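Here the structure is laid out as structure tokens; the discussion comes afterwards.
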Amino acid sequence: MNDKERIAQHAALQVADGMLVGLGTGSTANCFIEALACRSREQGLKVTTVSSSTASAIKAQQLGLTVLDFEQVKHVDMYVDGADEVSPELNLLKGQGADLVREKLLATASEQFLVLIEANKLVERIGGRFAIPIEVMPFAWQLVKKQLEANGGLGDLRQNANQNGYALSAYGSLILDMRFDERMDAGTLNDLLNGIPGIVEHGIFYRLATTVLVGKDGQVQQRQIGNL
Ligand code: 5RP
């Protein structure tokens, strides 16, 4: 078993009977979906799920999990997802997969937000490694980019995988990948991006994670808000 599978299993053990569980998106989230389906099949764990993406919903359904329509959900017990960067304060950078809107809705609505990472995702500063993904209304991208540049941002629209056009988010937004000066901390950036009209959502998940499980060399370390 590799570290990703180990943290996914650890997370699945934290799910209790009757919970409504939010499913993340990406390779780590996929390992969690498999581990949760395995507990449900082999130990009779009764859960319902809601998914942050079509891809995760299909995977969960194929493995026999019940997936609710997003519109039906008023409350989520636990949301489990990966991340691209995690800071010492447990702020996150997410969104390389462009499913940010549902991901942040689930992160905000959940009683517990459990983040699963391998140790190489730990960073000193959010945005230190990856550019910050910023979903923008297509007609607004030039005005948004200008505002971001006025605040020291550097970057451009994300290209699609074939490099022959622009990438679109799951709901048709364009994505600006922007880097900022290292003096801009996660809280400052979060406030800035939340305040610019035309931005649909962005990849900084500020003070949303409740627990982070870090996998390294066969061990799982748990970091919790209030216990850093
Ligand atoms: C998707 C995400 C993913 O959780 C993040 O990119 C990590 O992916 P992986 O588990 O494949 O490394 O934020 O929007």
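In this text the structure is predicted, and so the values were computed from the model without any measurement. When a ligand or atom number is given, it counts from 1 through the structure's own listing order.
At least one donor-acceptor pair under 3.5 Å links the side chain of E85 to the backbone N or O of R129. Side-chain N or O atoms of D17 include one that pairs as donor or acceptor with a backbone N or O of K46 at under 3.5 Å. Checked by atom type and distance alone, the side chain of T49 never pairs as donor or acceptor with a backbone atom of G22 at under 3.5 Å. Formation of a donor-acceptor pair under 3.5 Å by the T210 side chain with backbone atoms of Q112 is not found in this model. Using modelled atom types, one side-chain atom of R39 and one backbone atom of A12 make a donor-acceptor pair closer than 3.5 Å. Of the possible polar contacts, one joining the K104 side chain to the H202 backbone as a donor-acceptor pair under 3.5 Å is found. Looking at R102, its side chain never comes within 3.5 Å of a backbone N or O of F70 through a donor-acceptor pair.
For atom 6 (O) of ligand 1, the closest non-hydrogen atom of the protein is D84 OD1, 2.6 Å. In terms of protein heavy-atom proximity, atom 14 (O) of ligand 1 is nearest to E103 OE2, 2.9 Å. Closest protein heavy atom to atom 13 (O) of ligand 1: K94 NZ, 2.7 Å. Nearest protein heavy-atom contact of atom 3 (C) of ligand 1 is T25 O, 3.2 Å. For atom 10 (O) of ligand 1, the nearest protein heavy atom (residue, atom name, distance) is T28 OG1, 2.5 Å. Ranking protein heavy atoms by distance to atom 9 (P) of ligand 1, first place goes to S27 OG, 3.3 Å. In terms of protein heavy-atom proximity, atom 12 (O) of ligand 1 is nearest to K121 NZ, 2.9 Å.
Counting heavy atoms closer than 4.0 Å to ligand 1, residue D81 contributes side-chain atoms (C-beta onward) but none from N, CA, C or O.
Below 4.0 Å from some heavy atom of G26 lie the following atoms of ligand 1, by number and element: 11 (O). Atoms of ligand 1 found under 4.0 Å from any heavy atom of G95, numbered from 1 in the order shown, are 2 (C), 13 (O), 14 (O). In summary, the atoms of ligand 1 found under 4.0 Å from a heavy atom of G82, numbered by their order in the structure, are 4 (O).
The shortest separation from a heavy atom of A83 to ligand 1 is under 4.0 Å, placing the residue in contact.
Between F205 and F113, the ring planes lie tilted relative to each other; the angle falls in the 30° to 60° range.
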